[in-house]
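Single-structure report; data block below.
Quick note: numbers below take in every heavy atom, side chains included, and nothing from hydrogens, waters or symmetry partners. Quick note: residue numbers are just sequence positions, from 1.
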Amino acid sequence: MGEAVKDQREEAIQAWYLDDNEEDQKLPHHKDPKEFVSLDKLAELGVLSWKLDVDNYETDEELKKIRESRGYSYMDICEVCPKKLPNYEATVKMFFVEHLHIDEEIRYCLAGSGYFDVRDLNDVWIRVWVKKGGMIVFPAGIYHRFTVDSDNYMKAMRLFVGGPVWTAYNRPHDHLPARKAYVDKFVKVIRDRTINASA
């Protein structure tokens with residue numbers, strides 16, 4: 001029997017279910033035993049991911065194709081670390097408040113690493129660890145939050161369709177059209193598929 005083909009994205013992006021411990025958001029918080037989540041399962045929640053040539057990001061043809069095909073016209077680079085971010089600890093805690101956006105959130109990790117947490121269909125937290133070379137897209141309307149890990153450093157490219165939109169809507173904001181569209185497109189479709197499969 002042949003070996004399973006390794007998903008290159010897993011070198012830069014890993015996901016797992018969180019434990020219930022709320023101490024120190026920067027720790028991995030694996031369950032015991034660990035319960036990993038595949039990138040395919042994340043895709044079912046609308047979370048897309050790539051492993052790109054980060055050392056050549058300025059000339060990377062694959063990144064250029066993704067930007068063109070998805071309309072990501074605006075780009076900037078930010079560093080989340082004590083030296084670059086005013087009121088660092090308070091800001092990182094603010095990023096960790098559960099929220100949604102009315103547009104996609106796109107982050108491409110150029111250096112360092114950090115955790116993006118998203119909810120599964122049963123409202124359970126999944127931690128997504130994005131490291132150097134990992135690019136991730138969260139759909140509009142998905143509840144999520146962010147924190148650096150214990151290394152306290154992430155340099156990320158932020159991409160947007162058109163100009164940047166920074167507004168975060170802290171949970172609950174289920175009445176927003178972006179949230180309703182997300183639930184209709186991902187949550188209801190998967191639940192209906194599960195119900196039909198078990199019937």
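The list of ring-ring contact (aromatic ring centres under 6.0 Å, His included) pairs with a residue in residues 151-172, not counting sequence neighbours, reads Tyr74-Phe160, Phe160-Trp166, Tyr169-His173. Sorted by first and then second residue, the pairs that involve residues 133-152 and meet ring-ring contact (aromatic ring centres under 6.0 Å, His included), not counting sequence neighbours, are His99-His144, His101-His144, Phe116-Phe138, Phe116-Phe146, Phe138-His144.
Residues Ile142 and Ile102 do not share a hydrophobic cluster, defined by chaining ILVMFWY side chains whose heavy atoms lie under 4.5 Å apart. Under the 4.5 Å side-chain heavy-atom criterion for ILVMFWY residues, a single connected hydrophobic cluster contains both Leu121 and Leu39. Side-chain heavy atoms closer than 4.5 Å link hydrophobic residues (I, L, V, M, F, W, Y) into clusters, and following such links, possibly through other members, connects Val37 to Val124. Under the 4.5 Å side-chain heavy-atom criterion for grouping Ile, Leu, Val, Met, Phe, Trp and Tyr, Val128 is connected to Phe95 within one hydrophobic cluster. Ile126 and Leu18 fall into different hydrophobic clusters, defined by Ile, Leu, Val, Met, Phe, Trp and Tyr side-chain heavy atoms under 4.5 Å apart, directly or through other members.
Leu27 belongs to no hydrophobic cluster with other residues, because no ILVMFWY side-chain heavy atom falls under 4.5 Å from its own, directly or through intermediates. As a member of the Ile/Leu/Val/Met/Phe/Trp/Tyr network built from side-chain separations under 4.5 Å, Phe96 groups with nothing else and remains a singleton. Here Leu63 sits in one hydrophobic cluster together with Leu48, Trp50, Leu52, Val54, Tyr57, Ile66, Tyr72, Met75, Ile77, Ile106, Tyr108, Leu110, Met135, Val137, Met157, Leu159, Val161; the rule is ILVMFWY side chains under 4.5 Å apart, joined directly or through other members.
Electrostatic pairing of Glu104 and Arg70 counts as a salt bridge here, judged by a charged N lying under 4.0 Å from a carboxylate O. Taking the charged nitrogens against the carboxylate oxygens, Asp184 and Arg179 have no contact shorter than 4.0 Å, which rules out a salt bridge. Ion pairing of Arg127 with Glu35 is absent here, as no side-chain N (NZ or NE/NH1/NH2) approaches a carboxylate O to less than 4.0 Å. In summary, Glu79 and Lys155 do not engage in a salt bridge, as defined by a charged side-chain N under 4.0 Å from a carboxylate O.
Taking 4.5 Å as the limit, every side-chain heavy atom of Lys180 sits out of range of all side-chain heavy atoms of Pro177. In this structure, the side chains of Phe36 and His30 come closer than 4.5 Å at one or more pairs of heavy atoms. A 4.5 Å side-chain heavy-atom check between Phe186 and Val47 finds every atom pair outside the cut-off.
Closest of all the heavy-atom pairs between Gly141 and Leu100 is O-CD2, 3.8 Å. Smallest separation of non-hydrogen atoms from Asp151 and Ser113: OD2-OG, 4.4 Å. Contact record, Gln25 with Val92: NE2-CG1, 3.3 Å, taken as the closest heavy-atom pair. For the pair Gly162 and Ser73, the tightest heavy-atom approach, listed with the atom from each and the gap, is N-OG, 3.0 Å. Gly134 and Ala12 make their closest contact through N-CB, 3.5 Å (heavy atoms, listed as atom of the first residue, atom of the second, distance).
Every residue was checked against the salt bridge (Lys or Arg N to Asp or Glu O under 4.0 Å) condition with Asp60, not counting sequence neighbours, and none meets it. In this structure, the side chain to side chain donor-acceptor pair (under 3.5 Å) partners of Arg9, at least two apart in sequence or on a different chain, are Asp7, Ser49. Here Arg67 pairs with nothing under the side chain to side chain donor-acceptor pair (under 3.5 Å) rule; sequence neighbours left out. With sequence neighbours excluded, no residue forms a salt bridge (Lys or Arg N to Asp or Glu O under 4.0 Å) with Lys31. Not counting sequence neighbours, the partners of Met94 by the side-chain contact (heavy atoms from CB on, under 4.5 Å) test are Thr91. With sequence neighbours excluded, no residue forms a salt bridge (Lys or Arg N to Asp or Glu O under 4.0 Å) with Glu23. Applying the salt bridge (Lys or Arg N to Asp or Glu O under 4.0 Å) criterion to Lys131, with sequence neighbours excluded, gives no partner residue.
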Applying salt bridge (Lys or Arg N to Asp or Glu O under 4.0 Å), run through Glu89 and Lys26 and close with a yes or a no. CA-CA 11 Å; Glu89 290 297 339; Lys26 298 175 186 177; 3.0 Å; yes

Show the numbers, then the answer: is there a salt bridge (Lys or Arg N to Asp or Glu O under 4.0 Å) between Glu98 and Arg171? CA-CA 6 Å; Glu98 184 176 5; Arg171 190 170 187 175; 2.9 Å; yes

Starting from the C-alpha separation in whole Å, work towards a yes-or-no answer on side chain to side chain contact (heavy atoms under 4.5 Å, CB included) for Lys65 and Glu62. CA-CA 5 Å; Lys65 282 182 198 159; Glu62 188 176 359; 5.6 Å; no

Test log, rule side chain to side chain contact (heavy atoms under 4.5 Å, CB included), inputs Asp117 and Trp125: CA-CA 6 Å; Asp117 297 342; Trp125 281 117; 3.5 Å; yes

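Atom CG in Asp149 sits 8.0 Å away from atom OG1 in Thr147 (nearest 0.5 Å). The line from CD of Gln8 to CD of Glu11 is 4.5 Å long, rounded to the nearest 0.5 Å. Separation of atoms SG (Cys78) and CE (Met154) is listed at 8.0 Å; rounding is to 0.5 Å.
More than 12 heavy atoms of other residues, nucleotides or ligands sit less than 6.0 Å from atom CG of Asp24. Atom CG of Asn21 sits in a crowded spot, with more than 12 heavy atoms from other residues, nucleotides or ligands closer than 6.0 Å.
A tilted orientation is assigned to the rings of Trp129 and Tyr115, their planes being inclined by 30° to 60°.
With hydrogens and angles disregarded, no donor-acceptor distance shorter than 3.5 Å links the side chain of Asn56 to the backbone of Thr59.
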